[in-house]
Amino acid sequence: MPIELSVVVPCYDEEESLPRLVEVLTQELSALTPHFEVILVDDGSRDRTLPMLREVHRAHPRFRYLSLSRNFGKESAMLAGLSHARGDKVAIMDADLQHPPTLLAQMLPLLESGEYSQVVARRTRTDDPVVRTALSRLYYKMMNRLVEVELEDGVGDFRVLDRRAVRALLTLGETNRFSKGLFAWIGFPTAVVDYENVSREAGATKWSLRSLFNYGIDGVVSFNYRPLRMSIWLGIVVTAIAVGYALWVLVDAIVNGNSVPGYVTTICAVTALGGVQLIVLGVIGEYLGRIYAETKQRPLFLLKESSELDAPVTSVLGREHEALEEGHGTERSEQA
Ligand code: UDP
Ligand code: MG
């Protein structure tokens with residue numbers, strides 16, 4: 001019997017969330033369809049997550065697992081799960097139950113209507129700290145000015161995709177994955193379902209302020225070249241100011257005679273120009289680094305273990321995925 005719904009869950013140090021997750025998912029998913037599977041992706045956890053996944057698989061074979069060789073980050077973990085999902089529809093959600101599985105009951109019918117290829121859940125920010133909410137709002141306002149794809153506040157990775165959208169995502173082989181942008185980039189008709197913000201059930205969040213800041217930069221740089229263009233404009237403006245000032249000094253010297261050269265202006269000019277140059281270099285470097293990462297063509301994740309006996313030990317975006325897509329992987333693991 002073909003799988004109707006796959007649920008991909010990236011797990012990084014989630015020993016505290018797992019028992020409850022398995023319980024809730026079993027209950028919710030069996031109510032939706034008997035033909036579901038859950039793909040738990042251990043993203044190189046340092047706690048007891050992996051042994052727990054083995055146990056979960058033994059007790060409930062519908063829960064499959066993959067284990068990455070180290071911590072590759074949520075983006076890669078999701079990708080690993082997506083590439084191994086066999087279902088017609090694939091849902092992605094967090095392990096900490098911040099993405100309420102009950103919402104699937106609302107989301108699936110929208111996908112089944114055939115009108116939409118993606119159904120995304122949008123959380124409201126009722127319980128969030130005020131500062132964080134304000135910063136997020138500001139960020140998305142700026143982002144949507146800058147970036148070609150439309151990003152929305154509160155819309156995260158919690159979503160259900162049909163096969164067409166999954167296939168599209170898997171063809172995007174970039175190393176720097178800003179999945180929020182990728183989901184938007186592939187397009188297809190998308191429906192939105194709202195839900196109340198829930199706080200984490202157990203364990204701790206892996207986001208620090210610094211990682212959020214870096215994530216913000218990733219978002220801007222992954223999806224457009226405008227910062228490079230802005231560097232040029234910045235250069236033009238600073239040059240114009242410098243030329244204007246030089247002319248003024250020259251005219252002043254001719255009219256009023258040579259005055260004592262200003263020490264303060266010299267220092268200001270040198271430091272300001274130095275600052276501008278460093279910023280521009282940083283922007284260029286940011287893109288250069290990405291080009292470097294992309295040219296290496298490294299796999300986006302490596303598998304060290306999985307619930308399928310004959311699953312490839314290493315998995316990259318490319319041939320193996322096509323094999324899985326075409327169903328070879330499906331048949332083999334079904335027999336196993
Ligand atoms: N996660 C992951 N790899 C990482 C960090 C996080 O797979 O390097 C998973 C984590 O286990 C969880 C999801 O990504 O299922 C979201 O993580 P978290 O709850 O820490 O983020 P938040 O909900 O605060 O955005
Ligand atoms: Mg969370």
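One-based numbering, in listed order, for ligands and for the atoms of each. In this text, all values refer to a predicted model and were calculated from it rather than measured experimentally.
In this structure, CZ on R159 lies 12.0 Å from OG on S117, to the nearest 0.5 angstrom.
Nearest N/O/S atom of D96 relative to the Mg ion (ligand 2): this is OD2.
With F36 as the fixed residue, the side-chain contact (heavy atoms from CB on, under 4.5 Å) test singles out one of V7, L25, L29, L104: L29.
Neither V276 nor L281 shares a network with the other; the hydrophobic side chains, linked directly or stepwise wherever heavy atoms of I, L, V, M, F, W or Y lie under 4.5 Å apart, form separate groups for each.
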**Q.** side chain to side chain donor-acceptor pair (under 3.5 Å) between T49 and E15, intermediate numbers included
**A.** CA-CA 5 Å; T49 300; E15 61 178 9; 5.8 Å; no

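Within the listing of ligand 1, atoms 2 (C), 3 (N), 4 (C), 7 (O), 8 (O) sit less than 4.0 angstrom from a heavy atom of D43. Atoms of ligand 1 lying under 4.0 Å from at least one heavy atom of D96, given by number and element, are 19 (O), 23 (O). Atoms of ligand 1 lying under 4.0 Å from at least one heavy atom of D94, given by number and element, are 13 (C), 15 (O), 16 (C), 23 (O). Close contacts of ligand 1 with N71, meaning ligand atoms under 4.0 Å from a residue heavy atom, involve 3 (N), 4 (C), 8 (O).
Closest heavy-atom approach to atom 23 (O) of ligand 1 within the set E14, Q98, K74: this belongs to Q98.
Residue C11 touches ligand 1 through its backbone alone, judged by heavy-atom distances below 4.0 Å.
Annotation: side chain of L53 is not in contact with side chain of P51 (no heavy-atom distance under 4.5 Å).
Classification of the Y195-H99 ring pair by plane angle, with boundaries at 30° and 60°, yields perpendicular.
Considering backbone and side-chain N/O atoms, P10 comes within less than 3.5 Å of an N/O atom of ligand 1.
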